[in-house]
Amino acid sequence: MTTTAKPLFSRVVVKLSGEALMGPDPFGLNAPTVGRMASDLKAAADLGVQVAVVVGGGNFFRGLQGADKGIERARADSIGMLATVMNALAMEGALEQIGQAARVLSAVAMPSLCQPYSRQAALAHLVKRRVIILAAGTGNPFFTTDTGAALRACELSCDAVMKATQVDGIYSADPKKDFSATRYERLTHDEAIARNLQIMDTAAFALCRDNAIPIVVFSVNEPGAIPKALLGKGRATYVMP
Ligand code: UDP
């Protein structure tokens with residue numbers, strides 16, 4: 001994207017769910033979709049924005065599903081965290097293939113695969129313009145990668161959490177089920193709570209609200225959505241303090 005416009009934010013966490021990397025497939029990783037997301041992240045970095053990506057793992061495994069099948073919840077969540085590492089490694093490869101320096105940092109140390117997460121290491125990579133991919137969520141069971149995204153945004157002094165979803169912003173109801181649902185352009189955190197809008201899980205949303213971190217919700221299905229949202233163009237909902 002060639003533009004002289006200035007991005008709204010200088011350092012962001014982009015939250016990509018496992019589903020966002022699955023594309024049209026019923027399970028796992030869809031290589032063209034991962035490649036498209038990587039191009040979007042590179043375009044964001046090319047705007048001069050420092051980019052940290054938090055990847056989910058739901059395309060492989062979610063702890064709650066495992067617990068439903070009889071796996072102890074904490075163990076099931078460990079499996080879920082491992083799923084996020086697989087996605088992170090795939091994204092690192094896709095970014096490197098298109099010439100974007102990238103590093104995976106995992107909240108659960110697995111040094112033969114990637115670097116262990118530390119705030120210092122993350123910040124050092126960001127200032128060197130590497131895209132960092134933060135794997136294993138918070139590193140603790142009973143949390144989600146949404147909460148991991150909000151937590152890392154707070155500790156890395158990010159200006160916003162950019163959350164990719166299946167629709168182009170926040171609606172008054174699920175637009176896939178309710179055709180009368182209206183889309184919001186802008187909201188405050190308090191308005192989102194008052195209207196009971198399910199943007200992220202409660203812990204994640206509370207962290208963003210309490211630390212005055214904007215949340216930008218955009219569609220994962222629209223190519224170029226990340227750089228457009230960073231420039232305040234395209235379709236996205238901005239939750240601003
Ligand atoms: N998980 C966890 N702790 C974390 C983040 C994730 O235990 O801090 C586990 C949890 O089992 C979760 C799975 O990893 O279901 C995958 O993450 P998530 O469900 O957030 O992925 P997404 O829905 O974004 O694909």
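All values derive from a computational prediction rather than experimental measurement. We count ligands from 1, going down the list as the structure has it; atoms in each ligand are counted the same way.
Looking only at protein heavy atoms, the nearest one to atom 20 (O) of ligand 1 is T145 OG1, 2.5 Å. Looking at atom 9 (C) of ligand 1, its nearest protein heavy atom turns out to be D77 O, 3.6 Å. In terms of protein heavy-atom proximity, atom 15 (O) of ligand 1 is nearest to G63 N, 3.1 Å. With respect to atom 6 (C) of ligand 1, the closest heavy atom belonging to the protein is F143 O, 3.6 Å. Atom 21 (O) of ligand 1 has its closest protein heavy atom at G57 N, 3.1 Å.
The distance criterion of under 3.5 Å between nitrogen or oxygen atoms is met by T138 with respect to ligand 1. For ligand 1, the polar-atom distance check finds no N/O of S17 at less than 3.5 Å from any of the ligand's N/O atoms. Considering backbone and side-chain N/O of L64, none are found under 3.5 Å from N/O of ligand 1. Between G56 and ligand 1, not a single N/O pair is under 3.5 Å apart. Of the polar atoms of A136, none of the N or O atoms is found under 3.5 Å from an N or O of ligand 1, judged by distance alone.
In this structure, the ring of Y171 has its center no less than 6.0 angstrom from the ring center of Y184.
Looking only at atom types and distance, the side chain of R130 has a donor-acceptor partner in the side chain of H125 under 3.5 Å away. Side-chain contact of D146 with T144: a donor-acceptor pair under 3.5 Å is absent, judged by distance alone.
A salt bridge is absent between E191 and R186; no separation between the charged side-chain nitrogens and carboxylate oxygens falls under 4.0 Å.
The backbone N or O of A236 lies less than 3.5 Å from a partner atom in the side chain of R183, making a donor-acceptor pair. The backbone N or O of G224 lies less than 3.5 Å from a partner atom in the side chain of D40, making a donor-acceptor pair. D25 places no side-chain N or O within 3.5 Å of a backbone atom of F27 that could act as its donor or acceptor partner. In terms of modelled atom types and a separation under 3.5 Å, the side chain of N87 and the main chain of G18 share no donor-acceptor contact.
Residue contacts with ligand 1 leave out Q65, since none of its heavy atoms falls under 4.0 Å from the ligand. Ligand 1 lies nowhere less than 4.0 angstrom from a heavy atom belonging to G148.
The backbone of N140, and not its side chain, has at least one atom closer than 4.0 Å to an atom of ligand 1 (non-hydrogen atoms only; backbone = N, CA, C, O).
Residue contact check: P141 has heavy atoms under 4.0 Å from atoms 7 (O) of ligand 1.
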